[in-house]
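Working notes for the structure below.
Just so you know, these numbers use all the heavy atoms, side chains as well, and skip hydrogens, waters and symmetry mates. Note on naming: letters A, B, ... go to the chains in the order of the sequence lines (proteins, then strands), and numbering restarts at 1 for each one.
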2 protein chains.
Amino acid sequence: MNHRGRAGGSVRREAAATRNLEAPLPPARSRTEDLVHRLRQEILSGALAPGARLPTEQRLCERLGVSRTVVREAVAALRADGLVITRQGVGAFVSADAQHRPFRIDAENLTSIARILDLMELRASIETEAAALAAQRRKASHLRELAARLAAFDAALAHGDAAVQADFGFHCAIAEAAGNAFFVDVLHYLGKLVIPRQSIRVLAQTPAAQTAYLRGVQAEHRAIHDAIVARDAPAARAAMLSHLQRSQERYRHMAGASGRRPV
Amino acid sequence: MNHRGRAGGSVRREAAATRNLEAPLPPARSRTEDLVHRLRQEILSGALAPGARLPTEQRLCERLGVSRTVVREAVAALRADGLVITRQGVGAFVSADAQHRPFRIDAENLTSIARILDLMELRASIETEAAALAAQRRKASHLRELAARLAAFDAALAHGDAAVQADFGFHCAIAEAAGNAFFVDVLHYLGKLVIPRQSIRVLAQTPAAQTAYLRGVQAEHRAIHDAIVARDAPAARAAMLSHLQRSQERYRHMAGASGRRPV
DNA sequence: AACCATCATGTTATATGACAACAAGACAAG
DNA sequence: CTTGTCTTGTTGTCATATAACATGATGGTT
(Lines give C-alpha, C1' and ligand atoms only; values in the text may rest on other atoms or scores of the structure.)
Protein backbone atom coordinates (compact mmCIF):
# COMPACT_ATOMS: atom_id res chain seq x y z
CA MET A 1 0.00 0.00 0.00
CA ASN A 2 1.26 3.48 -0.71
CA HIS A 3 2.26 4.85 2.60
CA ARG A 4 1.17 8.35 1.90
CA GLY A 5 -1.68 9.00 -0.50
CA ARG A 6 -0.31 12.26 -1.74
CA ALA A 7 -2.24 12.02 -4.97
CA GLY A 8 -4.90 14.45 -3.83
CA GLY A 9 -2.35 16.85 -2.43
CA SER A 10 -0.32 16.87 -5.58
CA VAL A 11 -3.35 17.60 -7.71
CA ARG A 12 -4.29 20.49 -5.47
CA ARG A 13 -0.80 21.87 -5.61
CA GLU A 14 -0.59 21.73 -9.39
CA ALA A 15 -3.96 23.39 -9.77
CA ALA A 16 -2.82 26.22 -7.54
CA ALA A 17 0.41 26.53 -9.49
CA THR A 18 -1.42 26.95 -12.77
CA ARG A 19 -3.46 29.74 -11.25
CA ASN A 20 -0.53 31.51 -9.68
CA LEU A 21 3.07 30.62 -10.32
CA GLU A 22 4.12 32.63 -7.29
CA ALA A 23 2.27 30.29 -4.95
CA PRO A 24 4.60 30.30 -1.94
CA LEU A 25 2.99 27.76 0.36
CA PRO A 26 0.92 24.89 -0.92
CA PRO A 27 -1.09 23.87 2.14
CA ALA A 28 -1.11 20.18 1.21
CA ARG A 29 -2.79 18.93 4.32
CA SER A 30 -1.29 15.93 5.94
CA ARG A 31 -3.50 13.02 6.83
CA THR A 32 -3.38 13.99 10.46
CA GLU A 33 -4.53 17.53 9.75
CA ASP A 34 -7.19 16.16 7.48
CA LEU A 35 -8.57 13.97 10.21
CA VAL A 36 -8.39 16.75 12.75
CA HIS A 37 -10.41 18.91 10.43
CA ARG A 38 -13.04 16.26 9.86
CA LEU A 39 -13.48 15.42 13.51
CA ARG A 40 -13.54 19.04 14.53
CA GLN A 41 -16.27 19.80 12.06
CA GLU A 42 -18.33 16.86 13.23
CA ILE A 43 -18.02 18.07 16.80
CA LEU A 44 -18.70 21.74 16.14
CA SER A 45 -21.59 20.95 13.83
CA GLY A 46 -23.13 18.89 16.59
CA ALA A 47 -23.05 15.61 14.70
CA LEU A 48 -20.98 14.43 17.64
CA ALA A 49 -22.84 15.83 20.61
CA PRO A 50 -21.04 16.81 23.81
CA GLY A 51 -20.47 13.75 25.92
CA ALA A 52 -20.76 11.42 22.98
CA ARG A 53 -18.13 8.82 22.57
CA LEU A 54 -15.86 8.84 19.57
CA PRO A 55 -15.28 5.64 17.61
CA THR A 56 -12.42 3.60 18.97
CA GLU A 57 -9.00 4.10 17.45
CA GLN A 58 -9.25 0.79 15.66
CA ARG A 59 -12.56 1.67 14.05
CA LEU A 60 -11.26 5.05 12.93
CA CYS A 61 -8.23 3.34 11.41
CA GLU A 62 -10.41 0.93 9.50
CA ARG A 63 -13.00 3.45 8.37
CA LEU A 64 -10.50 6.01 7.15
CA GLY A 65 -7.75 3.73 6.03
CA VAL A 66 -5.04 5.36 8.11
CA SER A 67 -2.67 4.10 10.72
CA ARG A 68 -3.14 4.41 14.43
CA THR A 69 -0.38 6.99 14.53
CA VAL A 70 -2.48 9.37 12.49
CA VAL A 71 -5.56 8.76 14.58
CA ARG A 72 -3.71 9.25 17.82
CA GLU A 73 -2.06 12.47 16.69
CA ALA A 74 -5.40 13.82 15.55
CA VAL A 75 -7.01 12.98 18.87
CA ALA A 76 -4.05 14.54 20.67
CA ALA A 77 -4.63 17.74 18.73
CA LEU A 78 -8.32 17.83 19.57
CA ARG A 79 -7.52 17.11 23.19
CA ALA A 80 -5.12 20.03 23.24
CA ASP A 81 -7.93 22.17 21.87
CA GLY A 82 -10.16 21.01 24.67
CA LEU A 83 -12.68 19.51 22.29
CA VAL A 84 -12.29 15.93 23.44
CA ILE A 85 -11.09 14.23 26.59
CA THR A 86 -9.69 10.73 26.63
CA ARG A 87 -9.81 8.19 29.38
CA GLN A 88 -7.46 5.30 29.26
CA GLY A 89 -9.23 2.02 29.01
CA VAL A 90 -12.57 3.67 28.32
CA GLY A 91 -12.50 5.79 25.23
CA ALA A 92 -12.50 9.31 23.85
CA PHE A 93 -15.43 11.62 24.44
CA VAL A 94 -16.56 14.98 23.16
CA SER A 95 -15.93 17.56 25.84
CA ALA A 96 -18.99 19.01 27.56
CA ASP A 97 -17.85 22.54 26.86
CA ALA A 98 -16.84 21.81 23.30
CA GLN A 99 -19.22 24.44 22.03
CA HIS A 100 -17.53 27.60 23.20
CA ARG A 101 -14.34 27.62 21.23
CA PRO A 102 -11.56 29.87 22.44
CA PHE A 103 -11.67 33.35 21.04
CA ARG A 104 -8.76 34.17 18.84
CA ILE A 105 -7.67 36.81 16.44
CA ASP A 106 -5.14 35.61 13.93
CA ALA A 107 -2.29 37.75 12.74
CA GLU A 108 -3.54 37.13 9.22
CA ASN A 109 -6.60 39.17 10.07
CA LEU A 110 -4.48 42.20 10.85
CA THR A 111 -2.87 42.78 7.49
CA SER A 112 -4.64 46.03 6.70
CA ILE A 113 -4.71 49.36 8.47
CA ALA A 114 -8.47 49.21 8.52
CA ARG A 115 -8.43 45.96 10.46
CA ILE A 116 -6.01 47.30 13.01
CA LEU A 117 -8.17 50.33 13.51
CA ASP A 118 -11.10 47.98 14.00
CA LEU A 119 -9.15 46.25 16.70
CA MET A 120 -8.29 49.53 18.37
CA GLU A 121 -11.97 50.36 18.27
CA LEU A 122 -12.77 47.15 20.09
CA ARG A 123 -10.13 47.89 22.65
CA ALA A 124 -11.52 51.39 23.12
CA SER A 125 -14.98 50.08 23.87
CA ILE A 126 -13.62 47.96 26.67
CA GLU A 127 -11.24 50.48 28.12
CA THR A 128 -13.71 53.33 28.28
CA GLU A 129 -16.01 51.20 30.37
CA ALA A 130 -13.09 49.99 32.46
CA ALA A 131 -12.15 53.58 33.20
CA ALA A 132 -15.70 54.37 34.28
CA LEU A 133 -15.83 51.32 36.53
CA ALA A 134 -12.44 52.14 37.96
CA ALA A 135 -13.69 55.58 38.91
CA GLN A 136 -16.52 53.96 40.83
CA ARG A 137 -14.66 51.14 42.50
CA ARG A 138 -11.01 52.09 42.88
CA LYS A 139 -9.45 51.44 46.27
CA ALA A 140 -6.51 53.22 47.79
CA SER A 141 -4.16 50.50 46.59
CA HIS A 142 -5.32 51.06 43.02
CA LEU A 143 -4.61 54.76 43.26
CA ARG A 144 -1.11 54.05 44.45
CA GLU A 145 -0.60 51.68 41.54
CA LEU A 146 -1.91 54.21 39.05
CA ALA A 147 0.39 56.90 40.40
CA ALA A 148 3.32 54.53 40.21
CA ARG A 149 2.55 53.71 36.60
CA LEU A 150 2.34 57.37 35.70
CA ALA A 151 5.72 57.94 37.29
CA ALA A 152 7.14 54.98 35.43
CA PHE A 153 5.93 56.46 32.19
CA ASP A 154 7.59 59.76 33.02
CA ALA A 155 10.82 57.93 33.74
CA ALA A 156 10.61 56.13 30.42
CA LEU A 157 9.87 59.21 28.34
CA ALA A 158 13.34 59.21 26.89
CA HIS A 159 13.29 55.58 25.81
CA GLY A 160 10.64 55.00 23.19
CA ASP A 161 10.34 51.26 23.64
CA ALA A 162 10.15 51.34 27.41
CA ALA A 163 7.60 54.13 27.21
CA VAL A 164 5.28 52.00 25.11
CA GLN A 165 5.53 49.27 27.75
CA ALA A 166 4.85 51.75 30.53
CA ASP A 167 1.92 53.10 28.56
CA PHE A 168 0.37 49.68 28.45
CA GLY A 169 1.10 49.21 32.12
CA PHE A 170 -0.93 52.27 32.98
CA HIS A 171 -3.87 50.96 30.99
CA CYS A 172 -3.61 47.59 32.70
CA ALA A 173 -3.64 49.26 36.09
CA ILE A 174 -6.92 50.92 35.18
CA ALA A 175 -8.39 47.58 34.19
CA GLU A 176 -7.23 46.20 37.52
CA ALA A 177 -8.91 49.04 39.35
CA ALA A 178 -12.16 48.25 37.56
CA GLY A 179 -12.44 45.18 39.75
CA ASN A 180 -13.41 42.83 36.95
CA ALA A 181 -10.82 40.27 36.01
CA PHE A 182 -12.27 39.78 32.56
CA PHE A 183 -11.33 43.31 31.60
CA VAL A 184 -7.74 42.64 32.60
CA ASP A 185 -7.64 39.42 30.62
CA VAL A 186 -9.10 40.91 27.48
CA LEU A 187 -6.85 43.92 27.65
CA HIS A 188 -3.78 41.76 28.02
CA TYR A 189 -4.87 39.72 25.06
CA LEU A 190 -5.54 42.70 22.84
CA GLY A 191 -2.44 44.44 24.09
CA LYS A 192 -0.20 41.71 22.77
CA LEU A 193 -1.65 42.34 19.35
CA VAL A 194 -1.58 46.10 19.39
CA ILE A 195 1.56 46.91 21.33
CA PRO A 196 4.17 45.68 18.85
CA ARG A 197 2.63 47.71 16.06
CA GLN A 198 2.33 50.77 18.19
CA SER A 199 5.90 50.35 19.29
CA ILE A 200 7.17 50.27 15.75
CA ARG A 201 5.25 53.39 14.88
CA VAL A 202 6.72 55.29 17.77
CA LEU A 203 10.27 54.18 17.17
CA ALA A 204 10.07 55.17 13.53
CA GLN A 205 10.07 58.83 14.55
CA THR A 206 12.95 61.08 15.47
CA PRO A 207 13.84 61.19 19.18
CA ALA A 208 12.52 64.71 19.51
CA ALA A 209 9.23 63.82 17.87
CA GLN A 210 9.03 60.75 20.10
CA THR A 211 9.31 62.77 23.25
CA ALA A 212 6.76 65.31 22.10
CA TYR A 213 4.37 62.53 21.19
CA LEU A 214 4.83 60.79 24.51
CA ARG A 215 4.31 64.00 26.45
CA GLY A 216 0.98 64.41 24.77
CA VAL A 217 0.05 60.86 25.69
CA GLN A 218 1.03 61.44 29.27
CA ALA A 219 -1.13 64.56 29.52
CA GLU A 220 -4.12 62.49 28.44
CA HIS A 221 -3.18 59.84 30.98
CA ARG A 222 -3.24 62.41 33.72
CA ALA A 223 -6.71 63.51 32.74
CA ILE A 224 -7.94 59.93 33.05
CA HIS A 225 -6.09 59.48 36.31
CA ASP A 226 -7.57 62.63 37.80
CA ALA A 227 -11.10 61.61 36.89
CA ILE A 228 -10.61 58.24 38.54
CA VAL A 229 -9.22 59.87 41.66
CA ALA A 230 -12.25 62.16 41.73
CA ARG A 231 -14.61 59.19 41.38
CA ASP A 232 -16.07 60.91 38.33
CA ALA A 233 -17.13 58.01 36.14
CA PRO A 234 -18.49 60.01 33.20
CA ALA A 235 -15.36 62.14 33.11
CA ALA A 236 -13.16 59.05 33.23
CA ARG A 237 -15.12 57.49 30.43
CA ALA A 238 -14.87 60.63 28.32
CA ALA A 239 -11.17 61.09 29.01
CA MET A 240 -10.37 57.50 28.08
CA LEU A 241 -12.50 57.69 24.96
CA SER A 242 -10.80 60.88 23.88
CA HIS A 243 -7.39 59.40 24.60
CA LEU A 244 -7.98 56.29 22.55
CA GLN A 245 -9.65 58.15 19.71
CA ARG A 246 -6.61 60.36 19.46
CA SER A 247 -4.47 57.25 19.57
CA GLN A 248 -6.41 55.90 16.61
CA GLU A 249 -5.99 59.22 14.85
CA ARG A 250 -2.27 59.16 15.47
CA TYR A 251 -2.01 55.64 14.16
CA ARG A 252 -4.00 56.55 11.07
CA HIS A 253 -1.70 59.51 10.49
CA MET A 254 1.52 57.61 11.02
CA ALA A 255 0.37 54.70 8.92
CA GLY A 256 -0.56 57.05 6.13
CA ALA A 257 2.69 58.98 6.37
CA SER A 258 5.13 56.10 6.39
CA GLY A 259 3.99 54.10 3.41
CA ARG A 260 1.02 51.89 2.95
CA ARG A 261 2.42 48.69 4.41
CA PRO A 262 1.06 48.13 7.91
CA VAL A 263 3.11 46.16 10.38
CA MET B 1 12.46 -0.98 30.70
CA ASN B 2 9.20 -0.16 32.37
CA HIS B 3 6.92 0.96 29.62
CA ARG B 4 5.15 3.52 31.64
CA GLY B 5 7.00 5.17 34.46
CA ARG B 6 3.94 5.70 36.59
CA ALA B 7 6.06 5.89 39.72
CA GLY B 8 5.90 9.67 39.82
CA GLY B 9 2.22 9.71 39.05
CA SER B 10 1.39 7.17 41.71
CA VAL B 11 3.31 9.10 44.33
CA ARG B 12 1.43 12.24 43.42
CA ARG B 13 -1.86 10.43 43.60
CA GLU B 14 -1.20 8.91 46.98
CA ALA B 15 -0.05 12.21 48.39
CA ALA B 16 -3.28 13.80 47.20
CA ALA B 17 -5.29 10.96 48.73
CA THR B 18 -3.69 11.47 52.12
CA ARG B 19 -4.62 15.11 51.98
CA ASN B 20 -8.17 14.54 50.82
CA LEU B 21 -9.85 11.19 50.63
CA GLU B 22 -12.60 12.64 48.47
CA ALA B 23 -10.15 13.40 45.67
CA PRO B 24 -12.33 12.74 42.65
CA LEU B 25 -9.88 13.10 39.81
CA PRO B 26 -6.19 12.58 40.29
CA PRO B 27 -4.74 14.53 37.38
CA ALA B 28 -1.93 12.01 36.90
CA ARG B 29 -0.52 13.58 33.80
CA SER B 30 0.36 11.28 31.00
CA ARG B 31 3.78 11.49 29.48
CA THR B 32 2.37 13.22 26.47
CA GLU B 33 0.66 15.87 28.55
CA ASP B 34 3.80 16.28 30.56
CA LEU B 35 5.85 16.94 27.50
CA VAL B 36 3.25 19.30 26.08
CA HIS B 37 3.37 21.24 29.30
CA ARG B 38 7.14 21.46 29.32
CA LEU B 39 7.45 22.54 25.74
CA ARG B 40 4.63 25.04 26.06
CA GLN B 41 6.26 26.63 29.05
CA GLU B 42 9.56 26.88 27.29
CA ILE B 43 7.89 28.57 24.36
CA LEU B 44 5.73 30.97 26.33
CA SER B 45 8.57 31.88 28.65
CA GLY B 46 10.65 32.77 25.66
CA ALA B 47 13.32 30.17 26.26
CA LEU B 48 12.39 28.96 22.81
CA ALA B 49 12.07 32.15 20.83
CA PRO B 50 9.65 32.49 17.91
CA GLY B 51 11.21 31.04 14.82
CA ALA B 52 13.61 28.90 16.80
CA ARG B 53 13.88 25.30 15.87
CA LEU B 54 12.87 22.59 18.28
CA PRO B 55 15.17 19.66 18.93
CA THR B 56 14.61 16.82 16.51
CA GLU B 57 12.24 14.07 17.51
CA GLN B 58 15.14 11.72 18.09
CA ARG B 59 16.91 14.11 20.41
CA LEU B 60 13.73 14.71 22.39
CA CYS B 61 13.27 10.97 22.69
CA GLU B 62 16.79 10.53 24.01
CA ARG B 63 16.81 13.50 26.34
CA LEU B 64 13.47 12.74 27.94
CA GLY B 65 13.54 8.98 27.76
CA VAL B 66 10.22 8.64 25.98
CA SER B 67 9.19 7.03 22.74
CA ARG B 68 8.68 8.82 19.49
CA THR B 69 4.96 8.26 19.84
CA VAL B 70 4.87 10.54 22.86
CA VAL B 71 7.00 13.18 21.21
CA ARG B 72 4.90 13.18 18.09
CA GLU B 73 1.63 13.47 19.96
CA ALA B 74 3.00 16.32 22.01
CA VAL B 75 4.15 18.17 18.92
CA ALA B 76 0.78 17.50 17.30
CA ALA B 77 -0.91 19.11 20.27
CA LEU B 78 1.29 22.18 20.13
CA ARG B 79 0.72 22.42 16.41
CA ALA B 80 -3.02 22.35 16.99
CA ASP B 81 -2.54 25.18 19.45
CA GLY B 82 -0.71 27.14 16.83
CA LEU B 83 2.44 27.33 18.93
CA VAL B 84 4.65 25.36 16.56
CA ILE B 85 4.62 24.59 12.89
CA THR B 86 6.30 21.55 11.40
CA ARG B 87 7.80 21.13 7.97
CA GLN B 88 8.44 17.67 6.71
CA GLY B 89 12.07 17.03 6.11
CA VAL B 90 13.13 20.22 7.86
CA GLY B 91 12.02 20.32 11.44
CA ALA B 92 9.63 21.83 13.94
CA PHE B 93 9.74 25.55 14.64
CA VAL B 94 8.18 27.88 17.18
CA SER B 95 5.44 29.82 15.48
CA ALA B 96 6.06 33.50 14.88
CA ASP B 97 2.80 34.44 16.59
CA ALA B 98 3.30 32.04 19.46
CA GLN B 99 3.09 34.86 21.96
CA HIS B 100 -0.54 35.85 21.63
CA ARG B 101 -2.37 32.86 23.00
CA PRO B 102 -6.02 32.52 22.16
CA PHE B 103 -8.33 34.21 24.57
CA ARG B 104 -10.57 31.85 26.46
CA ILE B 105 -12.91 31.86 29.38
CA ASP B 106 -13.34 28.50 30.98
CA ALA B 107 -16.62 27.30 32.34
CA GLU B 108 -14.86 26.76 35.65
CA ASN B 109 -14.48 30.51 35.93
CA LEU B 110 -18.22 31.00 35.81
CA THR B 111 -19.27 29.13 38.90
CA SER B 112 -20.38 32.13 40.89
CA ILE B 113 -23.03 34.73 40.25
CA ALA B 114 -20.46 37.45 40.72
CA ARG B 115 -18.36 36.06 37.89
CA ILE B 116 -21.30 35.86 35.56
CA LEU B 117 -22.20 39.43 36.34
CA ASP B 118 -18.60 40.34 35.57
CA LEU B 119 -18.99 38.70 32.23
CA MET B 120 -22.22 40.56 31.55
CA GLU B 121 -20.39 43.74 32.42
CA LEU B 122 -17.75 42.97 29.84
CA ARG B 123 -20.39 42.25 27.29
CA ALA B 124 -22.13 45.51 28.11
CA SER B 125 -19.00 47.53 27.50
CA ILE B 126 -18.73 46.11 24.02
CA GLU B 127 -22.36 46.31 23.10
CA THR B 128 -22.86 49.89 24.17
CA GLU B 129 -20.07 50.96 21.89
CA ALA B 130 -21.39 48.72 19.13
CA ALA B 131 -24.77 50.42 19.41
CA ALA B 132 -23.17 53.83 19.13
CA LEU B 133 -21.15 52.80 16.11
CA ALA B 134 -24.20 51.22 14.53
CA ALA B 135 -26.05 54.50 14.88
CA GLN B 136 -23.27 56.22 12.97
CA ARG B 137 -22.66 53.68 10.26
CA ARG B 138 -25.82 51.68 9.69
CA LYS B 139 -26.84 51.18 6.07
CA ALA B 140 -30.29 50.55 4.77
CA SER B 141 -29.66 46.83 4.72
CA HIS B 142 -28.81 46.90 8.42
CA LEU B 143 -32.04 48.66 9.23
CA ARG B 144 -33.99 46.02 7.37
CA GLU B 145 -32.15 43.34 9.31
CA LEU B 146 -32.81 45.03 12.63
CA ALA B 147 -36.50 45.37 11.86
CA ALA B 148 -36.66 41.73 10.88
CA ARG B 149 -35.04 40.68 14.13
CA LEU B 150 -37.47 42.75 16.15
CA ALA B 151 -40.34 41.10 14.32
CA ALA B 152 -38.82 37.69 14.97
CA PHE B 153 -38.68 38.47 18.65
CA ASP B 154 -42.34 39.48 18.62
CA ALA B 155 -43.19 36.23 16.92
CA ALA B 156 -41.26 34.26 19.53
CA LEU B 157 -42.75 36.02 22.54
CA ALA B 158 -44.84 33.01 23.38
CA HIS B 159 -41.96 30.55 23.30
CA GLY B 160 -39.40 31.35 25.95
CA ASP B 161 -36.53 29.46 24.44
CA ALA B 162 -36.99 30.81 20.93
CA ALA B 163 -37.32 34.30 22.36
CA VAL B 164 -33.92 34.08 24.00
CA GLN B 165 -32.46 33.09 20.65
CA ALA B 166 -34.24 35.95 18.90
CA ASP B 167 -33.02 38.30 21.59
CA PHE B 168 -29.45 37.35 20.87
CA GLY B 169 -30.10 37.67 17.15
CA PHE B 170 -31.14 41.27 17.60
CA HIS B 171 -27.97 42.05 19.47
CA CYS B 172 -25.89 40.37 16.81
CA ALA B 173 -27.60 42.44 14.14
CA ILE B 174 -26.53 45.57 15.97
CA ALA B 175 -22.95 44.36 16.08
CA GLU B 176 -23.17 43.70 12.36
CA ALA B 177 -24.43 47.21 11.77
CA ALA B 178 -21.44 48.58 13.66
CA GLY B 179 -19.31 47.60 10.69
CA ASN B 180 -16.53 46.07 12.74
CA ALA B 181 -16.21 42.32 12.45
CA PHE B 182 -14.40 42.03 15.77
CA PHE B 183 -17.48 43.14 17.63
CA VAL B 184 -19.49 40.41 15.96
CA ASP B 185 -16.89 37.80 16.81
CA VAL B 186 -16.59 38.79 20.44
CA LEU B 187 -20.33 39.00 20.89
CA HIS B 188 -20.79 35.56 19.42
CA TYR B 189 -18.14 34.22 21.74
CA LEU B 190 -19.59 35.79 24.84
CA GLY B 191 -23.10 34.91 23.75
CA LYS B 192 -22.34 31.23 23.84
CA LEU B 193 -21.38 31.62 27.47
CA VAL B 194 -24.24 33.83 28.57
CA ILE B 195 -27.19 32.59 26.52
CA PRO B 196 -27.64 29.18 28.11
CA ARG B 197 -27.72 30.66 31.58
CA GLN B 198 -30.11 33.40 30.53
CA SER B 199 -32.31 30.83 28.86
CA ILE B 200 -32.59 28.76 32.00
CA ARG B 201 -33.48 31.78 34.05
CA VAL B 202 -36.28 32.74 31.70
CA LEU B 203 -37.73 29.27 31.42
CA ALA B 204 -37.81 28.88 35.16
CA GLN B 205 -40.65 31.38 35.34
CA THR B 206 -44.35 30.90 34.77
CA PRO B 207 -45.54 31.46 31.19
CA ALA B 208 -47.33 34.64 32.15
CA ALA B 209 -44.26 36.03 33.88
CA GLN B 210 -42.16 35.02 30.88
CA THR B 211 -44.30 37.01 28.49
CA ALA B 212 -44.33 40.04 30.72
CA TYR B 213 -40.58 39.86 31.07
CA LEU B 214 -40.06 39.50 27.34
CA ARG B 215 -42.38 42.41 26.58
CA GLY B 216 -40.25 44.61 28.77
CA VAL B 217 -37.14 43.46 26.95
CA GLN B 218 -38.72 44.17 23.62
CA ALA B 219 -39.62 47.71 24.65
CA GLU B 220 -35.97 48.35 25.45
CA HIS B 221 -35.01 46.85 22.12
CA ARG B 222 -37.25 49.29 20.34
CA ALA B 223 -35.63 52.21 22.10
CA ILE B 224 -32.22 51.07 20.89
CA HIS B 225 -33.56 50.43 17.43
CA ASP B 226 -35.13 53.87 17.18
CA ALA B 227 -31.92 55.58 18.25
CA ILE B 228 -29.99 53.71 15.58
CA VAL B 229 -32.56 54.63 12.96
CA ALA B 230 -32.27 58.27 14.03
CA ARG B 231 -28.46 58.12 13.78
CA ASP B 232 -28.35 59.28 17.39
CA ALA B 233 -25.18 57.65 18.70
CA PRO B 234 -25.35 58.95 22.30
CA ALA B 235 -28.99 57.87 22.58
CA ALA B 236 -28.16 54.44 21.19
CA ARG B 237 -25.32 54.08 23.65
CA ALA B 238 -27.51 55.13 26.55
CA ALA B 239 -30.38 52.89 25.50
CA MET B 240 -28.13 49.87 25.16
CA LEU B 241 -26.42 50.57 28.46
CA SER B 242 -29.75 50.90 30.21
CA HIS B 243 -30.99 47.71 28.58
CA LEU B 244 -28.01 45.66 29.66
CA GLN B 245 -27.90 47.12 33.14
CA ARG B 246 -31.51 46.13 33.60
CA SER B 247 -30.62 42.73 32.25
CA GLN B 248 -27.94 42.42 34.89
CA GLU B 249 -30.41 43.56 37.51
CA ARG B 250 -32.91 40.96 36.37
CA TYR B 251 -30.29 38.27 36.49
CA ARG B 252 -29.21 39.30 39.94
CA HIS B 253 -32.81 39.21 41.09
CA MET B 254 -33.62 35.86 39.53
CA ALA B 255 -30.42 34.30 40.75
CA GLY B 256 -31.12 35.51 44.24
CA ALA B 257 -34.73 34.31 44.13
CA SER B 258 -34.18 30.80 42.85
CA GLY B 259 -31.53 29.50 45.18
CA ARG B 260 -27.89 30.24 45.41
CA ARG B 261 -26.62 27.73 42.88
CA PRO B 262 -25.81 29.49 39.59
CA VAL B 263 -26.04 27.57 36.35
C1' DA C 1 -29.31 -12.81 48.96
C1' DA C 2 -25.47 -9.82 49.41
C1' DC C 3 -20.71 -9.06 49.13
C1' DC C 4 -16.13 -9.45 47.32
C1' DA C 5 -12.06 -11.27 44.81
C1' DT C 6 -10.69 -12.68 40.38
C1' DC C 7 -10.67 -13.01 35.56
C1' DA C 8 -11.75 -11.87 30.68
C1' DT C 9 -12.34 -8.39 27.47
C1' DG C 10 -11.94 -4.11 25.22
C1' DT C 11 -9.77 0.30 25.19
C1' DT C 12 -6.22 3.79 25.48
C1' DA C 13 -1.08 4.74 26.43
C1' DT C 14 3.49 3.73 25.19
C1' DA C 15 7.42 1.54 22.92
C1' DT C 16 9.86 0.03 18.85
C1' DG C 17 11.31 -0.64 14.19
C1' DA C 18 10.70 0.18 9.51
C1' DC C 19 9.83 2.79 5.27
C1' DA C 20 8.06 6.92 2.48
C1' DA C 21 8.15 11.88 1.53
C1' DC C 22 10.56 15.80 1.65
C1' DA C 23 14.33 19.52 2.09
C1' DA C 24 18.82 21.11 1.78
C1' DG C 25 23.50 20.84 0.92
C1' DA C 26 27.49 18.42 -1.55
C1' DC C 27 29.26 17.39 -5.70
C1' DA C 28 30.21 16.38 -10.29
C1' DA C 29 29.00 17.12 -15.29
C1' DG C 30 27.79 20.22 -18.77
C1' DC D 1 27.68 29.39 -13.64
C1' DT D 2 23.97 26.30 -14.13
C1' DT D 3 21.88 21.89 -13.76
C1' DG D 4 21.12 17.24 -12.40
C1' DT D 5 22.13 13.64 -9.11
C1' DC D 6 23.37 11.85 -4.73
C1' DT D 7 23.66 11.82 0.20
C1' DT D 8 22.07 12.91 4.55
C1' DG D 9 18.94 14.30 7.99
C1' DT D 10 14.23 15.17 9.29
C1' DT D 11 9.31 14.67 9.56
C1' DG D 12 5.18 11.72 8.11
C1' DT D 13 3.14 7.25 8.13
C1' DC D 14 2.64 2.35 8.88
C1' DA D 15 2.69 -1.92 11.58
C1' DT D 16 3.14 -4.67 15.65
C1' DA D 17 3.70 -5.58 20.43
C1' DT D 18 3.15 -4.64 25.29
C1' DA D 19 1.57 -2.05 29.57
C1' DA D 20 -2.05 0.35 32.06
C1' DC D 21 -6.61 0.88 32.87
C1' DA D 22 -11.87 0.37 33.21
C1' DT D 23 -15.74 -2.45 33.17
C1' DG D 24 -18.64 -6.16 33.38
C1' DA D 25 -19.03 -11.23 34.21
C1' DT D 26 -18.04 -15.10 36.96
C1' DG D 27 -17.83 -17.57 40.89
C1' DG D 28 -16.97 -18.25 45.60
C1' DT D 29 -17.73 -16.73 50.45
C1' DT D 30 -20.37 -14.97 54.14
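Surrounding CD of A:Gln58 are at most 12 heavy atoms belonging to other residues, nucleotides or ligands under 6.0 Å away.
Within the nucleic acid shown, A:Val66 comes within 4.0 Å of sugar-phosphate atoms alone, with no base atom in reach, counting heavy atoms only.
Salt-bridge formation is detected for the pair A:Arg123/A:Glu127: a Lys NZ or Arg NE/NH1/NH2 atom is positioned less than 4.0 Å from an Asp or Glu carboxylate oxygen.
For A:Val70, the listed nucleotide lying nearest its side chain is D:dC14; candidates were C:dT11, D:dG12, D:dC14. Taking the side chain of B:Ser67 as heavy atoms from C-beta on, and the options D:dT13, C:dT12, C:dA15, the nearest nucleotide is C:dA15.
Of the inter-residue distances, the one linking B:Leu35 atom CG with B:Arg72 atom CZ reads 12.5 Å to the nearest 0.5 angstrom.
The shortest distance between the side-chain N/O atoms of A:Arg87 and the OP1/OP2 oxygens of D:dA20 is not below 4.0 Å. The phosphate of C:dA15 (OP1 or OP2) has a side-chain N or O of B:Arg31 nearer than 4.0 angstrom. OP1 or OP2 of C:dA13 has not a single side-chain nitrogen or oxygen of B:Thr69 nearer than 4.0 Å.
Closest approach of A:Ile116 and A:Tyr251 over heavy atoms only: CD1-OH, 3.3 Å.
With DNA chain D read from its 5' end, the first of the two nearest nucleotides for A:Val90 and B:Arg68 is the one closest to B:Arg68.
Within 3.5 Å, no donor on the side chain of A:Gln88 pairs with an acceptor on the base of C:dA13, nor the reverse.
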